[in-house]
Amino acid sequence: MNITDAEFVRGFIRMCDDGWKQGWHERNGGNLSYRIKPEEVELVRPGFSDRGEWKPAGTAVPELAGEFFMVTGSGRYFSNVARSPEETTCIIELDDRGENYRICSGLTDGGTPTSELPGHLMSHAVKKRVSGGAYRVIYHAHPANIIALTFVLPLESRVFTRELWEMEPECAMVFPAGIGVAGWMVPGGKEIAEVTGRLMEEYDVAVWAHHGMFCAGEDFDLTFGLMHTVEKAAEILVKTLAMRQGKRQTVTTDQLRRLAGELGLGLPEKFLYGKEENC
Ligand code: 13P
Ligand code: ZN
């Protein structure tokens, strides 16, 4: 089978294209990775080229030793993925220590996996553990509204979570655990990978101040839908704050408690603090 005909590859390509159409991927902004299931590896294995040489993955993830991932290439444009998947994405294999990777197919013009590979791998390792293996997708994008909020809201999980939950009822249903927030960090380094990995222990979303968002999920639809929901809520908040200073009215703590109770959301108490004003 042609690698690009595999269902998971088509899903990966479609997600890149959907993100591009949302305007979340200027130039080479953002990256996507998928932890491939063993049976899917067997489907595409006949299409693997001569394996590239082993290179340091930039982190150590023994929990992921020997696993295969589909990832976007560093410097590659999401706008080109649907048109040229072989040049813009690749399948990599991790060695038996989870410290080195080699390219099995893709990136036909040369190049390397995304510079955020350490962050993707650390997040995959955490999510694999805490989800019992169910989570397979890690997605990073640069949506404008959530980034804009990192210039005006305190960089605290409790504030971002609460403000976005108030925007529409779906928010508390889609990210009941809340969202993590990290201060500005150099992109692509070990620090951003470690901080994000720690946030992924508790949350499916990490906001990187003045940079973008990092989401985790079981499959492409859920992960894309999560990014979309957070960014939509951020857009509503940005519009609201642009219209007037503070909100005139909002969803109250009691209303959030009712939502949580009637839908069994189990919202963490730390986000249900009383607010002095409607803002
Ligand atoms: P890459 O092109 O290396 O994936 O980097 C894009 C990006 O958004 C870094 O944070
Ligand atoms: Zn980025």
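Note that ligands are numbered from 1 as they come in the structure, with each ligand's atoms numbered from 1 the same way. The structure displayed is predicted, hence computed values, not measured ones. The first residue of the sequence shown is numbered 1, and numbering continues consecutively from there.
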Worksheet item: For G29, is at least one N or O under 3.5 Å away from an N or O on ligand 1?
Response: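 No; the residue has no nitrogen or oxygen that sits under 3.5 Å from a nitrogen or oxygen of the ligand.
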
Under 3.5 Å donor-acceptor pairs involving side-chain atoms of residues 181-199, not counting sequence neighbours:
unit_1 : atom_1 : unit_2 : atom_2 : d
T196   : OG1    : I192   : O      : 2.5
T196   : OG1    : W208   : NE1    : 3.0

Shortest protein contact, [atom] (heavy atom only):
atom: atom 5 (O) of ligand 1; value: S115 OG, 3.5 Å
atom: atom 4 (O) of ligand 1; value: T114 OG1, 2.7 Å
atom: atom 7 (C) of ligand 1; value: N31 ND2, 3.5 Å

Worksheet item: At the 4.0 Å heavy-atom cut-off, does G188 count as touching ligand 1?
Response: no

Fill in: Evaluation steps, side-chain contact (heavy atoms from CB on, under 4.5 Å), between D17 and F78
CA-CA 7 Å; D17 206 46; F78 269 51; over 6 Å; no

Are there over 12 heavy-atom neighbours, none belonging to [X], within less than 6.0 Å of that residue's [atom1]?
X: E42; atom1: CD; answer: yes
X: K270; atom1: NZ; answer: yes
X: R257; atom1: CZ; answer: yes

Practice prompt. Could you name the option among E116, H25, R27 that has the heavy atom nearest to atom 9 (C) of ligand 1?
Written response: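 Heavy atom nearest to atom 9 (C) of ligand 1 belongs to E116.
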
Worksheet item: How many N, O or S atoms of the protein are nearer than 2.8 Å to the Zn ion (ligand 2)?
Response: 3

Discussion item. Give the atom numbers and elements of ligand 1 that come within less than 4.0 Å of a heavy atom of N28.
Written reply: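 Reading through ligand 1 atom by atom, the close ones are 1 (P), 2 (O), 5 (O), 6 (C).
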
Fill in: Flag, side chain of H124 to backbone of V137, donor-acceptor distance under 3.5 Å
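No; zero donor-acceptor contacts below 3.5 Å.
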
Worksheet item: If only atom types and distance count, is the side chain of R97 paired as donor or acceptor with the main-chain N or O of A60 below 3.5 Å?
Response: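 Checked: no pair found.
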
